[in-house]
2 protein chains.
Amino acid sequence: MKVTINDVAKYAGVSIKTVSRVTNNEPSVKQATVDKVNEAIKALNYQPNLAARNLAGTKSYAIGFIYDNPNAYYIIDMQNGILSACKDKGYELVIHPCNAKSDSICDELTQLVKHSRLAGLVLTPPLSEDPKVLKALSDIDANYVRIIAGEGGKEQDGLTILVNDKFGAVEITQHLIDLGHKEIAFLSGDLHHESTKERLLGYKQALTKNRLLLNEDYIIEGKYSFESGVEGANTLIKLTNRPTAIVACNDEIAAGALFAARLAGLDIPGDLSIVGFEDSPFSRQTWPKLTTVHQPNAEIAQVATELLIAKRREQDAKFAKTFTPEPVIRDSSASPKN
Amino acid sequence: MKVTINDVAKYAGVSIKTVSRVTNNEPSVKQATVDKVNEAIKALNYQPNLAARNLAGTKSYAIGFIYDNPNAYYIIDMQNGILSACKDKGYELVIHPCNAKSDSICDELTQLVKHSRLAGLVLTPPLSEDPKVLKALSDIDANYVRIIAGEGGKEQDGLTILVNDKFGAVEITQHLIDLGHKEIAFLSGDLHHESTKERLLGYKQALTKNRLLLNEDYIIEGKYSFESGVEGANTLIKLTNRPTAIVACNDEIAAGALFAARLAGLDIPGDLSIVGFEDSPFSRQTWPKLTTVHQPNAEIAQVATELLIAKRREQDAKFAKTFTPEPVIRDSSASPKN
DNA sequence: AAGTGAGCTGACAAAGCTGTCTGCTTGTAA
DNA sequence: TTACAAGCAGACAGCTTTGTCAGCTCACTT
C-alpha cells in the first residue's frame, strides 16, 4: 500500500541514499542513475514521507504564509496559489495570521521559523514592507519572498515579487481617457500603503502623458473602505465642475462611490464612470458591475512560492519578478454623455 | 535550545515513556505523576516534535479543513478558529479546498485522509450535508466533525456542531416585530441550502407566534447574491401593499435590497427596515450599516476542532453541540414611520 | 604500471517520538 | 500473609528519511 524509499531503491537497483539524492536534486549523481530512479519513482508512484524528511533533515519541508490583512478574498486567493505550489513540490503549508502592529511581531516570527524550521516564508503587505520584520528574518537567516507593490528598482536583496500597481493604474486611467473622459478624479486609499502611492502615481502619469490637466481638487485622500468611497464621491459630486469619471483605489471605495453617486441621482455609467482596483468579488456585487483592474493573486502567490522553494538549492541571493495587473472592462465605465 | 522529551523526563524524574503517556492522555498514570510531568513541560516550555510524532505514531497529529464555499470571510473565520484549537493542542492544520460537486470528491478525500493519516476532518456545508461524502469517510473509519444548520434531532452518529439558524431568524424577525412592523417580507437564498430552509422556517415561526399574517407574496425565492437582493427588493417595492421590513437570508442579499430600495427613493430605515444574516464584513460596508444576525464562526470552528481532537482518546461515538446566532442591531432597522 | 583525483555510491548513524514488552515496586483486597 | 493489580522504569524496535564519511570506479597523469 504505502511506498517507501526502500521500495524505490530496490526497484531501481540503487541504494536508498541515492534515491534520496535524486529526490533532493543533489548534484553528483550520474544522469543515467537519475533517470533510472525517476522511472522507479513514477512506476511506484512514490511520494516522500514528509514527517520523516522533517525529522531527518536540518530544515523542514514546510513553508509559512504570514498575513495580516483584513481582506479575506485576497488572503484566500494567495493561500490557494501557495497551496498549489506546495502540493506540486511536496511541501506543506503552515499558515500564520498575525498582527503586524504588535510589538512582539518580530519575536513571534523568528520563534515560528525556528520552531517549525520553516524552509521559507511568503510575506504579503504590510509585513513585506516592514524593515523591522525583514531585518529580524534576515538576522536568523530565514528565507523569504516578499510580495510588494512596485515596478522594479526596489529589489533589495532577497526574493521579491513586484506587482506593478502603477502600470495597472495607468492602464485603467487610459481606458477612461480613451472613452473620452477629460475630468477624471481619484479616490485614494490609506496613503501610507505602498499600493496607494503606486496607484496614485499611475493615475497622474496617465493624465500627464495625455496632456490632461492635473486638478488637485480631483484627488481625494481617503481610506480603503466603503464609507471612504461614499464620502469621497459626495465631495466630488458637489464640485462645480464635477468630474465625469472616478478612479477608485480599490473596489470597496468604488462601491461606496457608486452607492453615493446613485443616491445623488446620477446614472452610472451615463453621468459618471467609476472604476475600481483589485477585481475582488466585490466588483461583481455592485450594480452595475465594476470595471476594475485584475490582479492575478493566486498566480502571484504560486510563482512566489515556487521561487522560494527553488531557492532552497540554488542560492541566487537576489531575484525579482514583476506582475502587471490588467484592466477588466465591465459595466461601470462608458463614454461621457455630452 | 531545543527541548526534547528526554529533558522533560530528566527534569520530572520519570521515564521518557511516562512523559509520552502524559502528553497523550493515556490512562494508568497517577495524578501526582501527571502533575509533575506537566510542571516540567511548562517549566521547560516543551513542545513535542510533530514530525517525530507523526513518524512514530499510527496517526498523524494533523487535522484537515475541507471546504468548498465561495464566501471567503466565512472560510477565514473558520480557519482561524480551527487554527487556534490546533495550536493549543499541538496539532497542525492541513487545508484542502475542493469542489464538492466533483465526481471524484469521495476518492479525493479518502485519499487525503489516508495519505496524510489525518487525525480528523472539519466539514463545513455543503460537504457536511452530503451523505455520499459522509459515507465514504465512515467507510474508511475517518474521524470528522460536521458543522451544519439545524437545532437538534439531526445528529446522526458522529460529531456534529449545530448552528441554530432558525433561532437566529426567529430572533431577528422578532426584533422587527418588536419595533412595530407587521408587514415583513423574506428574501430567500438558494432553497436547497439547509441554512436557507432553517432561516425561512424561523421567519415563519416568528410571524405565527405573534399571530401575524403569513403573506405568500412577501416570500421571494432567490439566491445568495447581491443581484438576487436587488431583484427581490424591486419585486417587493412594486407591491401595492409594500412591506415595511425585509428579512434577507444573508448580508449580500440585504445589501442588494438596500441598494435597490434607496434607488427607488426609499429612506432606510425610515420607509423600510432591512436586516441581513451572517454579520459578514459586508454588513458594515453598506450605508447605513446592516442590522444582522451574528454567527460566531471562529468560535464554532474552534469548539468543533477541540471536540475532534478530544475524540481521539475518548470514544463517544455521538455528540452534538448547538450554537445560537444572535441579532446585532445596527442602523438599517427602526420602527415604521406612519 | 602505478599513482592521483574527481565522480559517484552505499553503509551506517541519527533525528525525536510511540508502541510493546518485561519486570520491578507499591498499595489494597482477600 | 498471600494475591493481585495498578503504576511505572527501562530497554528496544520501529517509523522514514537525511547527513556523514568512507570507499569504490575509472579516466587521466607521470
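Note on naming: letters A, B, ... go to the chains in the order of the sequence lines (proteins, then strands), and numbering restarts at 1 for each one.
- For C:dT18, the OP1/OP2 oxygens have a side-chain nitrogen or oxygen of B:S20 closer than 4.0 Å.
- The side chain of A:A52 sits closest to D:dT16 out of D:dT16, C:dG10, D:dA9.
- Between B:V29 and B:A56, the residue anchored closer to the 5' end of DNA chain D is B:V29, taking for each the nucleotide with the nearest heavy atom.
- If you check distances only, the side chain of B:K17 does reach the base of C:dG19 with a donor-acceptor pair under 3.5 Å.
- Taken from CD1 in A:I147 to CD in A:E129, the straight-line distance is 11.5 Å, to the nearest 0.5 Å.
- Checked by atom type and distance alone, the side chain of B:N54 never pairs as donor or acceptor with a backbone atom of B:A51 at under 3.5 Å.
- Listed pair A:N24 / D:dT18 meets the phosphate criterion, a side-chain N or O lying under 4.0 Å from OP1 or OP2.
- Across D:dA9, C:dG10, C:dG16, the shortest atom-to-atom separation from the side chain of B:V14 is found for D:dA9.
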message: The test is side-chain hydrogen bond (donor to acceptor under 3.5 Å, both in side chains); show your working for A:R117 and B:N49 and say whether it passes.
response: CA-CA 11 Å; A:R117 301 187 314 162; B:N49 181 311; over 6 Å; no
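- Rounded to whole Å, atom C1' of C:dT18 lies 15 Å from atom CG of B:N25.
- Protein atom CD1 of A:I16 is 14 Å distant from nucleotide atom C1' of D:dG14, rounded to whole Å.
- As rounded to whole Å, 11 Å separates atom C1' of D:dT16 from atom CG of A:L50.
- The nucleotide whose nearest atom lies closest to any side-chain atom of B:S15 is, among D:dA9, C:dG16, C:dT9, D:dA9.
- In terms of heavy-atom proximity, A:I161 sits nearest to A:A304 at CG1-CB, 3.7 Å.
- Side-chain atoms of B:R53 lie closest to C:dC17 of the nucleotides D:dT18, D:dT17, C:dC17.
- At D:dT16, none of the side-chain N or O atoms of A:Y46 fall inside 4.0 Å of OP1 or OP2 (strictly under the cut-off).
- If you take CZ of B:R117 and C1' of C:dT18, they are 11 Å apart, rounded to a whole angstrom.
- Spacing between atom NZ of B:K10 and atom C1' of C:dG16 amounts to 14 Å, rounded to whole angstrom units.
- The A:T33 side chain lies nearest to C:dT9 when the options are C:dT9, C:dT18, D:dT18.
- In this model, the phosphate group of D:dG19 is approached by a side-chain N or O of A:T58 to a distance below 4.0 Å at OP1 or OP2.
- The aromatic rings of B:Y73 and A:Y73 sit perpendicular, their planes meeting at an angle over 60°, well past the 30° parallel limit.
- Residue A:N6 places no side-chain N or O under 4.0 Å from the OP1 or OP2 atom of D:dT16.
- The nearest whole Å value for the distance from the OH atom in B:Y61 to the C1' atom in D:dC15 is 14 Å.
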Which protein N or O atoms sit under 3.5 Å from an N or O of nucleotides 23-29 of chain C?
none

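- Of the inter-residue distances, the one linking B:N25 atom CG with B:I309 atom CD1 reads 11.0 Å to the nearest 0.5 angstrom.
- In this structure, B:R21 and B:P48 both approach DNA chain C, and ranking their closest nucleotides by distance from the 5' end singles out B:P48.
- Using a distance-only test at 3.5 Å, with no hydrogens or angles considered, a donor-acceptor pair links the side chain of B:R146 to the main chain of B:S128.
- D:dG7 atom C1' lies 15 Å from atom CG of B:D35, rounded to whole Å.
- Residue A:I5 has its side chain nearest to D:dT18 when only C:dT9, C:dT18, D:dT18 are considered.
- Of the possible donor and acceptor atoms, none in the side chain of B:S104 sits under 3.5 Å from a partner among the backbone N and O of B:D107.
- Taking atom CG of A:N49 as the reference point, atom C1' of D:dT18 lies 12 Å away to the nearest angstrom.
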